[in-house]
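Working notes, beginning with the structure itself.
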Protein chains: 2
Amino acid sequence: MGLKSFVEVPDDSHFPLENLPYGIFRPKAPVGGDPSQAVAAPRPGVAIGDSVLDLSAISSAGLFDGPLLSNSQCFNQPSLNKFLAMGRPAWKEARATIQKLLSLIKQNEVEMVLPVVIGDYTDFFSSMYHAKNCGTIFRGPENPIPTNWFHLPIAYHGRASSVVVSGTDVIRPSGQGHPVSSSSPYFGPSKKLDFELEMAVIVGPGNELGRPINVNEAYEHIFGLVLMNDWSARDIQAWEYVPLGPFLGKSFSTTISPWIVTLEALEPFACDAPKQEPHPLSYLAEKKHMNYDIPLEVWIKPAEHEKAAIVTKSNFKHLYWTITQQLAHHTINGCNLKPGDLLGTGTISGPEKESLGCLLELTWNGQNELSLNGSPQKFLEDGDEVIFTGYCKVCY
Amino acid sequence: MGLKSFVEVPDDSHFPLENLPYGIFRPKAPVGGDPSQAVAAPRPGVAIGDSVLDLSAISSAGLFDGPLLSNSQCFNQPSLNKFLAMGRPAWKEARATIQKLLSLIKQNEVEMVLPVVIGDYTDFFSSMYHAKNCGTIFRGPENPIPTNWFHLPIAYHGRASSVVVSGTDVIRPSGQGHPVSSSSPYFGPSKKLDFELEMAVIVGPGNELGRPINVNEAYEHIFGLVLMNDWSARDIQAWEYVPLGPFLGKSFSTTISPWIVTLEALEPFACDAPKQEPHPLSYLAEKKHMNYDIPLEVWIKPAEHEKAAIVTKSNFKHLYWTITQQLAHHTINGCNLKPGDLLGTGTISGPEKESLGCLLELTWNGQNELSLNGSPQKFLEDGDEVIFTGYCKVCY
Ligand SMILES: [Ca+2]
Ligand SMILES: [Ca+2]
Ligand SMILES: [Mg+2]
Ligand SMILES: [Mg+2]
Ligand code: NI
């Protein structure tokens, strides 16, 4: 049985009262309104059903009356960073207050913007199935998974400036590709544009330079999760990535969902994470080794089609390295994390053919075709819309 | 013959009136002063001899009377980002005004802080000598330079949060290393702590997502250069970097000089860049293919020594890929650069044994020893001070 509220939330909504994800929105300008009129300021909100709770209004009205939030300006801000810096006690107080409130605006009357100022963005590589498939495709079937992979959650620094909110158009990138090993590289628009199904952590308080976060305290530094599409140009990536890793093949756009789902909301869906063999070194050995059971889907809607076609059904629980291990590893050298930093999980592929998290794997680097409602397709085509969903539901 | 000024600048100063590098400083608290007193606000300054010109004071006094700067608040800021966004016409106007002025504070009475808010930090790999030596050490003497290297300026995204200003202590990072191929990784403080001699571009106006910068216009987006030490833990790096590139082996600290030397000041030291064969693709083929003749030195002062010992004499002009090619390549996929972004050149090694830009090369991964005033040393030891200098001088 769900929580009860006089706010009506349809049964199949992704945003029931149990969820309460955070985002930044601004009211849309009225249609036919004065275009010279100032655009409304972006502000924090929480999604409920098809509405948004305006936290700046709630805060100005003095309705956040708990000890941590009553005198805080954290919701009169154009990003969530101040609120993130306050940590879990403030997040819990906000959640408890919000669950009692109801100052709602319809979601279709607002425009969502990027919820945080992202100082740094890191992308991990934590699905064993994805690592194995990519290794086989890029480096061959002998030892496809690098030796280090089972000892540490491998990651690379991504580009923070090009992270955009869901709904932002993605321009097909141009770059260098290399057709066969002896010929010269060519230049032009990418022919192998791909998505990567990921989720990403939004960092809370973080740490000072030189002070690592213990793996058993990492949870306190994770505010919540977003869906993330790490758009990838496979031809650019394959040519550029040795020896320094992904660069222009990724940095043209990375899309995140506008709503941050909190760990409090995900708590009922916690599940055991995969057993790790070899055992991780002690700084990665955590007392609670948990994932979340979050079914994930990817749909593609080609420009000329009426309907989107499903291409993947995966699940967050397939990750080998947990988000708490990722965060602890990231800081073990003293690297400082800041409120609003973004930590991608890496592509979330599962063990089945139907649960692969990118077209590189689904088409085996373009060797096979997918059928989208009957139309054959390999990589992304101009006008395609890529839709990610994640939705947890307890069955009563 | 240098410019004349009634400000006395010693002949051997790195900061003559021709230079005028930019930085952010705040007056030091008086010794024995009230510790509860508010710390003075950071503000922009320009170095002249052993003094600092306080640009916020000059600006408040209305002395920036040119068309672009007279009504601007760009110098009443704790970072240079606003000024950087204004572009080269504003930078030239500021330089012309400053060359007439003289509101000076002694440099030893101020504390320098990070001059820009760095949104993203990228590190290139543009010295052929460094690429060849690293490739030989990490991957063997056969084809040490990857095929792609001569076709594009390879780079990786670095960590922006851990960029610090010169003088900041660096804490030796801990992490995983791997002694021999069949044994398990170990964990502990890095045994192969290294410096990397680099310079770095500070980005000016930059570009919108999806709108690449033409290589022949890249100059207009480069405000100036800093010295940069890309501290590197070679044992952590060697174990983690395949296949996604450098991560924790670099992200524990990156040091930049507090003063940004402008391209205007470097103009007299422009020189031809190395001829490129194979010819670069047209988007990298620039009309003016120039480097700067900037002699660079690295000195190490061990904790218990009286004097520092020189370990390297290199030169910025050894870079194969120019900073304008680097910047154009960075945006060719549509990636957006922002004011204050930092683009490292990569380690600047020259052709001679004495011009190698890091200890990895100088000691051939610890196989050989250096002599520091008679003391043998391989990698960095606790308490070592690493000093970079760069100083251009016209001989009249
Ligand atoms: Ca990815
Ligand atoms: Ca470097
Ligand atoms: Mg991306
Ligand atoms: Mg570094
Ligand atoms: Ni990398």
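Every chain is numbered from 1 and lettered A, B, ... according to where its sequence line falls, protein lines coming before strand lines.
Ranking B/P212, B/G158, B/S162 against chain A, the residue ahead of the rest is B/G158, based on heavy-atom pairs under 4.5 Å. No other option in B/Y241, B/F125, B/F187 has as many heavy-atom pairs under 4.5 Å with chain A as B/F187. For the set A/G210, A/P146, A/A160, the entry with the most heavy-atom pairs within less than 4.5 Å of chain B is A/A160.
Contact of A/L281 with chain B is made through the side chain alone, with heavy-atom distances under 4.5 Å. Contact of B/S282 with chain A is not made at all, since no heavy-atom distance falls under 4.5 Å. When heavy atoms are compared at a cutoff of 4.5 Å, A/I145 does not approach chain B at all. For a residue to count as touching a neighbouring chain, one of its non-hydrogen atoms must lie under 4.5 Å from one of that chain's; by this rule A/Y283 touches chain B with the side chain only. Contacts of B/L337 with chain A are made by both backbone and side-chain atoms, with heavy-atom separations under 4.5 Å. Proximity to chain B is absent for every atom of A/S190, based on heavy atoms less than 4.5 angstrom apart.
Between B/F124 and A/F247, the ring planes are perpendicular. Angles over 60° get that label, and only those under 30° would be called parallel.
Side-chain atoms of A/L152 and B/W239, non-hydrogen and from C-beta on, do get closer than 4.5 Å to each other. Annotation: side chain of A/P278 is not in contact with side chain of B/S184 (no heavy-atom distance under 4.5 Å). Contact annotation: the side chain of A/N148 never approaches that of B/P185 to less than 4.5 Å [non-hydrogen atoms, C-beta and beyond]. Within the 4.5 Å cutoff, no side-chain heavy atoms of A/F138 are placed close to those of B/P243.
Rounding to the nearest 0.5 Å places CG of A/D341 at 6.0 Å from OG of B/S161.
Under a cut-off of 6.0 angstrom, the local environment of CD in A/E142 is sparse, with at most 12 non-hydrogen atoms contributed by other residues, nucleotides or ligands.
Of all residues spanning residues 165-176 of chain A, those with a heavy atom less than 4.5 Å away from chain B's heavy atoms are A/I171, A/P173, A/S174, A/Q176, arranged by number. Contacts from residues 326-336 of chain B to chain A, taken as heavy-atom pairs separated by less than 4.5 Å, involve B/H329, B/H330, B/I332, B/N333, B/C335, B/N336 in sequence order.
The minimum heavy-atom distance between B/I154 and A/V242, with the atom names listed, is CD1-O, 3.8 Å.
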### Task
Please report the C-alpha distance between B/D120 and A/H157 in whole Å, then the side-chain angles of each, then the deciding distance to 0.1 Å, and finally whether the side chain to side chain contact (heavy atoms under 4.5 Å, CB included) criterion is met.
CA-CA 10 Å; B/D120 279 286; A/H157 303 295; over 6 Å; no

